[in-house]
Amino acid sequence: MVRIAPSLLACRFAELGSEVRAVDRAGAEWIHVDVMDGHFVPNITIGPLIAEAVRGVTERTVDVHLMIADPDRYVADFARAGADVITVHAEAAGHLHRTLGLIRGLGAKAGVALNPATPLSAVDEVVDRIDLLLIMSVNPGFGGQAFIPEAVDKVARARSLIESRRPGEVALQVDGGVDAETAPALVAAGATVLVAGSAVFGHPGGAAAGVQAIRSAVAGTSWSGARH
Ligand code: DX5
Ligand code: ZN
């Protein structure tokens, strides 16, 4: 089953509560919260207070994507804020194995994100300690960037890795430039969670229409390696 995770980065922040409720009502399973610190990535966005505010208006999975240096310093704050999933970048965590244990120890699901230039082998030694693998299909830092097509093959290889080591246990997420055009190939390659910012909140018909457009685009598509 494919889950859609609207990225709040593209929402109208002054209307945060109603934006979250709109995608919740539209059936988006996850709410993606992008945290940027001005160090790991050039941009600065939001922190645990806003994650907690999001938690307060939805029962959906609150999915926190930490694009921050030294994530160990903040994972407890985001767990306390009510995050269900906390994802850190392999490039930012000096001791990734420990960070993942820390996240799970706080009762959250642990994710690892890989930048476009980071090989899949960066997660090889920690596959047993993750609940989610995030393949970035843009260089993190900003919404609205063009999709990097090489991500499709990386997703396919990530799916093979998961199938061989932890079948059915690791969500495979893609983030960056995901829309109704790019989504089907990602799902066919084995993605299970699609993050979309601009394509949802920038949809001319509104956020609910944005969720629906992606949903319709992937309806009938499934992982091409699936055993039937
Ligand atoms: C990028 C963020 C993404 C971003 C996606 O650094 O991690 O979640 O909001 O935005 P779109 O879908 O517009 O590429
Ligand atoms: Zn993100």
Side-chain angles (χ1 to χ4, degrees), residues 2-13 16 19-20 23 26 28-47 50-51 54 60-69 71 74-75 78 83-93 109-118 132-152 154-155 171-187 191-204 206-207 209-215 217-218:
V2 176
R3 301 182 196 90
I4 297 177
S7 161
L8 296 178
L9 194 59
C11 84
R12 295 168 301 157
F13 275 99
L16 183 62
E19 295 280 72
V20 172
V23 291
E29 290 87 354
W30 290 22
I31 308 293
H32 187 81
V33 178
D34 285 305
V35 178
M36 305 185 187
D37 66 349
H39 292 277
F40 178 64
V41 291
N43 202 1
I44 299 178
T45 56
I46 61 178
I50 303 295
V54 171
R60 302 289 190 183
T61 294
V62 173
D63 170 37
V64 171
H65 177 192
L66 295 181
M67 287 160 276
I68 65 174
Y74 295 102
V75 290
F78 285 97
D84 297 296
V85 182
I86 300 177
T87 296
V88 298
H89 270 261
E91 307 85 359
K109 297 213 183 291
V112 175
L114 301 179
N115 282 339
T118 303
L132 176 144
L133 176 56
L134 167 53
I135 303 299
M136 291 303 300
S137 39
V138 298
N139 287 292
F142 301 94
Q145 302 182 77
F147 180 78
I148 296 172
E150 292 91 321
V152 176
K154 195 172 181 184
V155 168
L172 181 52
Q173 186 175 55
V174 190
D175 184 4
V178 176
D179 59 18
E181 305 263 294
T182 54
L186 294 167
V187 172
T192 57
V193 187
L194 301 173
V195 177
S198 322
V200 169
F201 292 103
H203 193 283
V211 171
Q212 199 43 55
I214 296 172
R215 183 87 65 206
V218 301

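Just so you know, these numbers use all the heavy atoms, side chains as well, and skip hydrogens, waters and symmetry mates. These numbers were taken from a predicted model, which means no experiment stands behind them. The first residue in the sequence is number 1, and the count goes up from there. We count ligands from 1, going down the list as the structure has it; atoms in each ligand are counted the same way.
- Scanning the protein heavy atoms around atom 6 (O) of ligand 1, the nearest turns out to be G141 N, 2.8 Å.
- Each of V20, V33, I86 was scored for a side-chain contact (heavy atoms from CB on, under 4.5 Å) with V62, with one residue passing: V33.
- Considering only heavy atoms from C-beta on, I50 stays 4.5 Å or farther from L8 through its side chain.
- Counting heavy atoms from C-beta on, the side chains of L186 and V152 come closer than 4.5 Å.
- Partners of D84 under the salt bridge (charged side-chain N to carboxylate O under 4.0 Å, His left out) rule, at least two apart in sequence or in another chain, are R55.
- Protein atoms that are N, O or S and lie under 2.8 Å from the Zn ion (ligand 2) are these: H32 NE2, D34 OD1, H65 ND1, D175 OD2.
- The only member of N115, D175, V155 that meets side-chain contact (heavy atoms from CB on, under 4.5 Å) when paired with I135 is V155.
- Within the 3.5 Å criterion, the main-chain N or O of I4 finds a donor-acceptor partner in the side chain of E29.
- The distance from the CD1 atom of I148 to the CG atom of N139 is 5.0 Å, given to the nearest 0.5 Å.
- Proximity to G176 (heavy-atom distance under 4.0 Å) selects the following atoms of ligand 1: 14 (O).
- Ring planes of H32 and H65: tilted class, angle from 30 to 60°.
- Counting heavy atoms from C-beta on, the side chains of S7 and V200 never come closer than 4.5 Å.
- No side-chain heavy atom of F147 sits under 4.5 Å from any side-chain heavy atom of E181.
- Atoms CZ and CG, on F78 and L66 in that order, are 5.5 Å from each other to the nearest 0.5 Å.
- Between G143 and ligand 1, not a single N/O pair is under 3.5 Å apart.
- Which parts of ligand 1 touch F142 is read off a 4.0 Å heavy-atom cut-off, strictly below it: atoms 1 (C), 6 (O).
- Residue H65 has at least one heavy-atom neighbour below 4.0 Å for each of these atoms of ligand 1: 7 (O).
- Each of the following atoms of ligand 1 lies closer than 4.0 Å to a heavy atom of M67: 6 (O), 7 (O).
- I31 CD1 to R60 CZ: the interatomic distance, rounded to the nearest 0.5 Å, is 7.5 Å.
- Residue-to-ligand polar distances place S198 within reach of ligand 1: an N/O pair is separated by less than 3.5 Å.
- Atom numbering of ligand 1 starts at 1 in the shown order; those under 4.0 Å from a heavy atom of H32 are 8 (O).
- Annotation for ligand 1: atoms under 4.0 Å from non-hydrogen atoms of A196 are 12 (O).
- Checked by distance only, ligand 1 and D175 come closer than 3.5 Å through their nitrogen or oxygen atoms.
- Summary of contacts: the protein heavy atom closest to atom 9 (O) of ligand 1 is S7 OG, 2.8 Å.
- Between the CD atom of E150 and the OG atom of S137 there is a distance of 11.0 Å, given to the nearest 0.5 Å.
- Every atom of ligand 1 with a heavy atom of M36 under 4.0 Å away is listed here by number and element: 6 (O).
- Any N or O atom pair closer than 3.5 Å counts here, and G197 shares at least one such pair with ligand 1.
- Checked by distance only, ligand 1 and P140 stay at 3.5 Å or farther apart across all their nitrogen or oxygen atoms.
- For atom 2 (C) of ligand 1, the closest heavy atom belonging to the protein is D34 OD1, 3.5 Å.
- M136 is not listed as a side-chain neighbour of L114, based on a closest heavy-atom distance of 4.5 Å or more.
- By the 3.5 Å distance cut-off applied to N or O atoms, G177 is counted among the residues near ligand 1.
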